[in-house]
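To start, the structure itself, in structure tokens.
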There are 2 protein chains.
Amino acid sequence: MIDIALFDEHRLALEGLSGLLSGVSDFRVVLNCDDRNVLTEKLKSIQVHVLILNMHDISVRNLNLIVQLTISSPKLKILIISVIDSEEIVLKTIKAGAKGFLGKDSDRNSLLEAVYTLRNGHDYYSKSITHLLLNRYISSLKADELSQNSDINNLSSRQVEILKLWGESYTNQEIADKFFISVRTVESHKNHIMQKLNLKSTVDMVKFAIKNNIIEI
Amino acid sequence: MIDIALFDEHRLALEGLSGLLSGVSDFRVVLNCDDRNVLTEKLKSIQVHVLILNMHDISVRNLNLIVQLTISSPKLKILIISVIDSEEIVLKTIKAGAKGFLGKDSDRNSLLEAVYTLRNGHDYYSKSITHLLLNRYISSLKADELSQNSDINNLSSRQVEILKLWGESYTNQEIADKFFISVRTVESHKNHIMQKLNLKSTVDMVKFAIKNNIIEI
DNA sequence: ATTGCATTTACGTGTTTCACGTAAGGGAAG
DNA sequence: CTTCCCTTACGTGAAACACGTAAATGCAAT
């Protein structure tokens with residue numbers, strides 16, 4: 001029997017999540033909670049194996065919640081569910097102490113699998129996440145093969161900075177002024193970005209930036 | 001019997017939501033969807049009474065989805081579920097054409113109530129939302145509902161053609177060759193588009209084209 | 001039928017960005 | 001110390017952009 005606590009600020013989502021788990025005989029949902037403070041209070045008295053945190057946004061507040069719970073309940077396994085599943089976010093939650101992460105591509109089976117896996121003392125990350133986490137490791141080994149994959153991880157931070165501003169309709173000159181570098185340098189950065197990502201036009205670069213959440217539509 | 005379509009980018013949440021509705025005998029969930037494009041496609045063929053959209057973020061893209069569906073399926077009642085329920089956000093979705101909004105304080109009963117209410121031709125907003133909004137304010141917003149998305153309609157078909165090709169990374173020269181016109185003419189068209197839509201850069205033009213489904217990401 | 005207006009077409013001029021090189025200096029890794 | 005990548009920067013020619021001007025067309029209203 002696995003004792004589970006559920007947290008979701010959104011009551012509807014909380015109930016939905018609760019429903020997904022209630023059918024499983026091995027599971028016992030001992031706590032449904034939509035209030036951060038109530039959660040931390042309750043977890044001091046009752047002991048659960050797995051805490052499922054549905055995070056609608058990954059704010060410092062939410063990350064802190066993970067950190068706090070990790071400290072106060074070292075044996076508690078925290079599973080994050082979030083529709084926001086960029087590499088940065090996943091890494092932050094892991095760093096904060098989460099043992100599992102389910103992105104938006106996850107379904108009920110992934111959830112059940114994740115709970116079992118965490119209960120058994122292992123980490124669980126959904127497919128897209130694993131792929132994401134492995135990518136930078138693999139890319140360091142097989143840089144040539146993967147250089148064709150238009151992956152944001154291959155961009156340097158400077159290149160992302162430039163791309164971000166340019167995606168907000170800054171002109172090269174404005175970007176140059178902002179960073180105190182030459183316009184030619186800005187052009188160079190953009191050239192390198194296009195080469196690296198194998199993009200054939202600036203239009204493609206905009207699309208790439210949008211796809212990779214570098215800029216907002 | 002009320003036919004319902006469900007959309008949620010997050011599969012887990014989608015399944016949870018589906019579970020919350022499945023127990024009700026009056027309801028028939030005919031479509032579960034986690035892909036924006038699939039949704040619009042499917043809704044062209046099957047007819048549902050209520051579409052429930054769970055929005056994890058209220059982006060222009062999401063708002064535009066509402067607008068598009070409102071235009072293509074005028075009889076469809078759209079119910080928004082979102083953990084983000086600030087006044088501004090709610091107003092935007094209503095403006096876009098949504099007939100109901102459930103904020104984070106809503107539970108399963110609110111959901112069922114909302115679906116019934118929408119099916120009966122009325123609007124539904126959860127408690128916290130209702131007291132936020134003045135009725136006359138809502139109705140004044142609805143008046144200009146149709147004039148809001150007139151931007152795209154102001155473009156001539158030629159302008160849209162050009163924008164479409166350019167959005168597919170065609171160069172001006174290629175577009176000119178395709179239409180047997182001068183490169184300068186292509187430039188003129190683009191200039192006119194930018195003037196007409198009050199865009200200040202080509203990056204903005206890409207974004208506009210994406211927002212208005214002229215080009216695909 | 002003529003007026004009026006937006007559209008489509010096109011060009012001129014000057015600025016900006018793109019595409020493709022080259023290359024120096026810095027820092028991290030081996 | 002060497003190697004490799006990143007950052008910085010420049011050169012050149014082509015392409016695209018910004019801002020005008022302007023003629024021919026098409027269409028709707030009077």
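Just so it is clear, the structure is predicted and the values come from calculations on it, not from any experiment. What's counted below: heavy atoms across the whole structure, side chains too, no hydrogens, waters or symmetry copies. Order of the sequence lines sets the chain letters (A, B, ...), proteins ahead of strands, with each chain counted from 1.
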Exercise. Is the backbone N or O of B:Gly97 less than 3.5 Å from a side-chain atom of B:Lys99, with the two atoms forming a donor-acceptor pair by type?
Worked result: yes
Problem set entry | Divergence of helical axes at both termini of the helix from C:dA1-D:dT30 to C:dG30-D:dC1 - five pairs an end, 10° steps | 50°
Seminar exercise, completed: Sorted by position of nearest nucleotide on DNA chain D, 5' first, the leading residue of A:Arg158 and B:Met194 is A:Arg158
For this session: Would you indicate, yes or no, if D:dT7 has its OP1 or OP2 atom less than 4.0 angstrom from a side-chain nitrogen or oxygen of A:Ser156?
Result: yes
Seminar exercise, completed: A:Arg184 meets the side chain to side chain donor-acceptor pair (under 3.5 Å) criterion, sequence neighbours left out, with none
Problem set entry | Check ion pair A:Glu161-A:Lys164 (N to O, under 4.0 angstrom) | no
Exercise. Heavy-atom contacts under 4.0 Å between residues 168-178 of chain B and DNA chain D, which residues?
Worked result: B:Thr171, B:Asn172, B:Gln173
Problem set entry | Contacting residues from residues 183-193 of chain A, given that a heavy atom lies under 4.0 angstrom of DNA chain C | A:Glu187, A:Lys190, A:Asn191
Seminar exercise, completed: Taken in chain and number order and not counting sequence neighbours, the residues that satisfy ring pair (Phe, Tyr, Trp, His ring centres under 6.0 Å) with A:Phe27 are A:Tyr116
Could you list all N or O pairs between the protein and nucleotides 3-6 of chain C that sit under 3.5 Å apart?
none

Seminar exercise, completed: Sequence neighbours excluded, the answer for ring pair (Phe, Tyr, Trp, His ring centres under 6.0 Å) partners of A:Phe179 is none
Only distances under 3.5 Å count here; give the side-chain donor-acceptor pairs of residues 65-76 of chain A to other protein atoms, sequence neighbours excluded, each with its distance to 0.1 Å.
from: A:Thr70; atom 1: OG1; to: A:Ile66; atom 2: O; distance (Å): 2.6
from: A:Thr70; atom 1: OG1; to: A:Ala96; atom 2: O; distance (Å): 3.4
from: A:Ser72; atom 1: OG; to: A:Gln68; atom 2: O; distance (Å): 3.1
from: A:Ser72; atom 1: OG; to: A:Leu69; atom 2: O; distance (Å): 3.4

For this session: Not counting sequence neighbours, which residues clear side chain to side chain donor-acceptor pair (under 3.5 Å) with B:Asp57? List them please.
Result: B:Ser59
For this session: Please name all residues satisfying side chain to side chain donor-acceptor pair (under 3.5 Å) with B:Lys190, sequence neighbours left out, ordered by chain then number.
Result: B:Asn172
Exercise. Who pairs with B:His10 by ring pair (Phe, Tyr, Trp, His ring centres under 6.0 Å), at least two apart in sequence or on another chain?
Worked result: B:His56
Exercise. Which of the following nucleotides, C:dT8, D:dC17, D:dT7, is nearest to the side chain of A:Gln159?
Worked result: D:dT7
Problem set entry | side chain to side chain donor-acceptor pair (under 3.5 Å) involving B:Glu168 - partner list, sequence neighbours excluded | none
